[in-house]
> 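This is the structure I have questions about; it appears just below.
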Amino acid sequence: MIRENYDVIVIGGGAIGLATANHLGKRNAKTLVLEQFTFVNQLGSSAGVSRQFRIPYPDEYMVQMALDSQPYWDELEKETGKQLLDKVGTLWFGDPTVQSTEGNIAEAEEALKALGVPYTSLTSKEIEDKYHFKNLPVKYSGLFQEDGASINFKATIEAYLELCEKQETVHLEENSPVLKINQLGDLFEIITPKGAYITKKLVLIPGPYINSVINLLNFHIDATYWNMSSAYFKKTDPDIQYPTWFVFQNPEGESGNQFYGFPEVDWDHPGYIRVAPDFVMKPIQEPNDRSLIPNSQELGYTSDWVKQYMTGLNAEPEYTSTCLIALSNIPNKELLIDFAPSYVPNHENIVLYATGWAAKFTPFLGKIMSDLALDGYTDFDITPFQLGHKFFRAL
């Protein structure tokens with residue numbers, strides 16, 4: 001078997017994997033990207049067409065990461081000549097006491113203040129008057145931050161794929177699941193159905209399939225897997241436009257009660273508004289258990305919420321989609337960015353990103369991951385995203 005040598009092999013060809021490869025190519029590192037499916041597939045966390053870019057977070061370090069990501073989005077748009085972010089602002093509203101997977105409104109306000117990020121505080125009536133919601137409880141409040149945007153995520157992935165194809169030192173292989181990782185002294189041998197490859201450095205970004213890769217290195221990350229649903233609702237009032245938004249509410253009974261939404265855009269079902277539940281009623285055990293069919297109960301709750309609280313929309317969805325995501329089971333660790341545990345041979349040459357919602361950071365994460373791979377460090381403080389290796393589980 002012929003074995004080709006690389007400086008870096010990136011395992012996972014989704015948005016962040018391709019962004020990383022592009023940055024590696026800019027530094028003339030001979031790079032191979034291995035994607036187990038086809039590029040721009042719908043089977044992982046890069047599925048779907050749109051994502052939200054936002055600045056509000058309950059933690060200052062997350063706000064800072066969003067701020068640091070902005071110039072990398074600007075650079076990508078300039079480099080590709082494509083508008084990838086539709087700037088419509090971010091609206092957070094709801095019960096100010098609620099804690100959610102997105103955080104808490106009051107804590108987000110404090111974080112924005114601390115970093116000097118401008119925003120507007122809103123009452124429930126102001127939210128109704130300005131942003132087309134209705135029947136909101138009087139106790140609801142919110143904030144609007146003008147830098148929020150809807151990301152043309154499919155176009156972002158396609159843009160990175162095109163950039164990687166133009167890089168002389170980047171090679172792309174799809175339909176290439178990793179079957180085995182062998183340690184050869186201070187090198188790695190990667191075995192796939194298409195061949196064997198040798199590399200000095202490994203970057204692991206296979207999205208929710210992270211454990212299928214790191215198990216080959218004899219460690220494991222505890223995660224919960226969500227097969228997330230979303231739906232598109234037809235506009236009955238063509239003049240109504242929504243920002244990107246998220247509503248914070250306490251659960252009702254056994255169901256979740258938090259939702260988020262997007263504006264109408266010309267690149268994702270024009271004439272429709274996408275609204276999605278930010279909860280999953282039945283998490284799946286393994287990524288391969290995912291379905292492309294949304295959970296009907298989750299969509300039912302979403303339709304009911306649209307009917308009760310939103311204006312200008314038909315309350316029955318006409319299009320649906322799903323997206324698979326892995327969420328860390330470690331408290332307060334949404335994104336995991338780290339080197340492999342010290343008990344893994346050659347661990348200092350294995351970098352991984354796993355879990356959480358990170359589409360908004362895609363260009364910046366590509367820079368971070370490439371720097372970690374080539375230099376062993378990054379100028380951005382990744383301390384909040386490191387596990388502390390006691391949280392890795394050896395197999």
> Is a side-chain N or O of S303 found less than 3.5 angstrom from the main chain of E316, in a donor-acceptor match?
no

> Hydrophobic cluster membership, with links at side-chain heavy-atom distances under 4.5 Å among I/L/V/M/F/W/Y: are L91 and V265 in one?
no

> Does either side chain, that of N152 or that of Q83, offer a donor lying less than 3.5 Å from an acceptor on the other one?
no

> Determine the minimum heavy-atom distance between M228 and D278, stating which atoms define it.
CE-OD1, 3.9 Å

> Can you tell me how the ring of W305 sits relative to the ring of W245, calling it parallel under 30°, perpendicular over 60° and tilted otherwise?
parallel

> Do the rings of Y260 and F246 sit parallel, tilted or perpendicular, given the 30° and 60° boundaries?
parallel

> Just verifying a value: how many Å separate D266 CG and D86 CG, rounded to the nearest 0.5 Å?
8.0 Å

> Give a yes or no on whether the backbone of D7 and the side-chain of T199 come within a donor-acceptor separation of less than 3.5 Å.
yes

> Measure from the side-chain N and O atoms of S229 to the backbone N and O of N295, and report whether any donor-acceptor pair falls under 3.5 Å.
yes

> Judged by atom type as modelled, is there a donor-acceptor pair below 3.5 Å linking the side chain of H269 to the main-chain atoms of K234?
no

> Return a table of donor-acceptor pairs under 3.5 angstrom between the side chains of residues 111-122 and protein atoms on other chains or two or more places apart.
{"unit_1": "Y119", "atom_1": "OH", "unit_2": "E109", "atom_2": "OE1", "d": "2.9"}
{"unit_1": "S121", "atom_1": "OG", "unit_2": "E109", "atom_2": "OE1", "d": "3.2"}

> Does either side chain, that of Y232 or that of D268, offer a donor lying less than 3.5 Å from an acceptor on the other one?
yes

> Answer whether the closest heavy-atom distance between the side chains of R274 and V49 falls below 4.5 Å.
no

> Would one find more than 12 heavy atoms of other residues, nucleotides or ligands at under 6.0 Å from atom NZ of K134?
yes

> Determine whether M369 and F380 fall in the same hydrophobic cluster, where Ile, Leu, Val, Met, Phe, Trp and Tyr are linked whenever their side-chain heavy atoms lie under 4.5 Å apart.
yes

> Tell me whether K307 at atom NZ has more than 12 heavy atoms from other residues, nucleotides or ligands lying less than 6.0 Å away.
no

> Side chains of D304 and Q308: donor-acceptor distance under 3.5 Å anywhere?
no

> With side chains defined as the heavy atoms from C-beta onward, is the minimum distance between F361 and L335 less than 4.5 Å?
yes

> Assess, by modelled atom type and distance only, whether the side chains of S321 and S230 contain a donor and an acceptor separated by less than 3.5 Å.
yes

> Tell me whether the rings of Y61 and F385 are parallel (<30°), tilted (30 to 60°) or perpendicular (>60°).
perpendicular

> Does the pair I382 and D338 meet the rule for a side chain to side chain contact (heavy atoms under 4.5 Å, CB included), with working shown?
CA-CA 8 Å; I382 63 168; D338 211 341; 5.6 Å; no

> Is there side-chain contact between L204 and L217, with at least one heavy-atom pair below 4.5 Å?
yes

> Do the non-hydrogen side-chain atoms of V344 and N218 ever get within less than 4.5 Å of each other?
no

> Counting C-beta onward and ignoring hydrogens, is there a side-chain heavy-atom pair between C323 and R51 closer than 4.5 Å?
yes

> Sub-3.5 Å donor-acceptor pair from the side chain of R27 to the main-chain atoms of A29, do we have one?
no

> Out of F262, F133, F144, which one pairs with Y242 under the ring-ring contact (aromatic ring centres under 6.0 Å, His included) rule?
F133

> Does atom NZ of K235 have more than 12 heavy-atom neighbours, drawn from other residues, nucleotides or ligands, at distances under 6.0 Å?
yes

> Looking only at side chains, do E35 and N41 share a donor and an acceptor under 3.5 Å apart?
yes

> What distance do T20 atom OG1 and L365 atom CG have between them, rounded to the nearest 0.5 Å?
7.5 Å

> Check for a donor-acceptor pair, side chain of N227 on one end and backbone N or O of S291 on the other, with a separation under 3.5 Å.
yes

> NZ/K200 to CG/N349 distance, rounded to the nearest 0.5 angstrom?
10.0 Å

> Distance check, rounded to the nearest 0.5 Å: T362 atom OG1 versus N22 atom CG?
12.5 Å

> Using atom types as modelled and distance alone, determine if a side-chain donor or acceptor of T311 lies under 3.5 Å from a backbone N or O of H132.
yes

> Could you grab the distance from atom CG of L136 to atom OG of S141, nearest 0.5 Å is fine?
11.0 Å

> Under 4.5 Å between side-chain heavy atoms, hopping through other hydrophobics if needed: is there a path connecting W73 to I157?
yes

> Do the ring centers of Y301 and F259 come within less than 6.0 Å of each other?
no

> Do K360's NZ or CZ and the ring of F53 fall within the cation-pi criteria of under 6.0 Å and 45°?
no

> Between side-chain atoms of residues 175-188 and protein atoms elsewhere (two or more places apart, or another chain), which donor-acceptor pairs fall under 3.5 Å?
{"unit_1": "S176", "atom_1": "OG", "unit_2": "E174", "atom_2": "O", "d": "3.0"}
{"unit_1": "N182", "atom_1": "ND2", "unit_2": "E189", "atom_2": "OE1", "d": "2.7"}
{"unit_1": "Q183", "atom_1": "NE2", "unit_2": "P345", "atom_2": "O", "d": "3.0"}

> Tell me the closest heavy-atom pair linking V88 and P263, and the distance in Å.
CG2-CG, 3.8 Å

> Closer than 4.0 angstrom, basic N to acidic O: yes or no for E79 and K166?
no

> Tell me which one of N211, L327, V280 satisfies side chain to side chain contact (heavy atoms under 4.5 Å, CB included) with Y225.
N211

> Quick check: does any side chain N or O of E77 sit under 3.5 Å from a backbone N or O of L84, one acting as donor and the other as acceptor?
yes

> Do Y309 and V247 have side chains that approach each other closer than 4.5 Å (heavy atoms only, starting at C-beta)?
no

> Look only at the side chain of Q258 and the backbone of P277, and say whether a donor-acceptor pair between them is shorter than 3.5 Å.
no

> Going hydrophobic residue to hydrophobic residue with side-chain gaps under 4.5 angstrom, can you get from F279 over to L324?
no

> Mind checking the OG1-NZ spacing from T169 to K30? Nearest 0.5 Å is all I need.
9.5 Å

> Ignoring hydrogens and angles, tell me if any N or O in the side chain of H347 forms a donor-acceptor pair with the backbone of F339 under 3.5 Å.
no

> According to a 4.5 Å side-chain heavy-atom criterion applied to Ile, Leu, Val, Met, Phe, Trp and Tyr, with indirect links allowed, do I11 and I210 form part of one hydrophobic cluster?
yes

> Do P208 and W226 come within less than 4.5 Å of each other through their side chains, counting heavy atoms only?
no

> Between D371 and K367, is the closest basic N to carboxylate O distance under 4.0 Å?
yes

> When you check the side-chain N and O atoms of R290 and T322, is any donor under 3.5 Å from an acceptor?
yes

> Taking only Lys NZ, Arg NE, NH1 and NH2, and the carboxylate oxygens of Asp or Glu, determine whether K154 and E158 approach each other closer than 4.0 Å.
yes

> Is it the case that the side chains of Y140 and Q249 hold a donor-acceptor pair, with the cut-off being a distance below 3.5 Å and no angle test?
yes

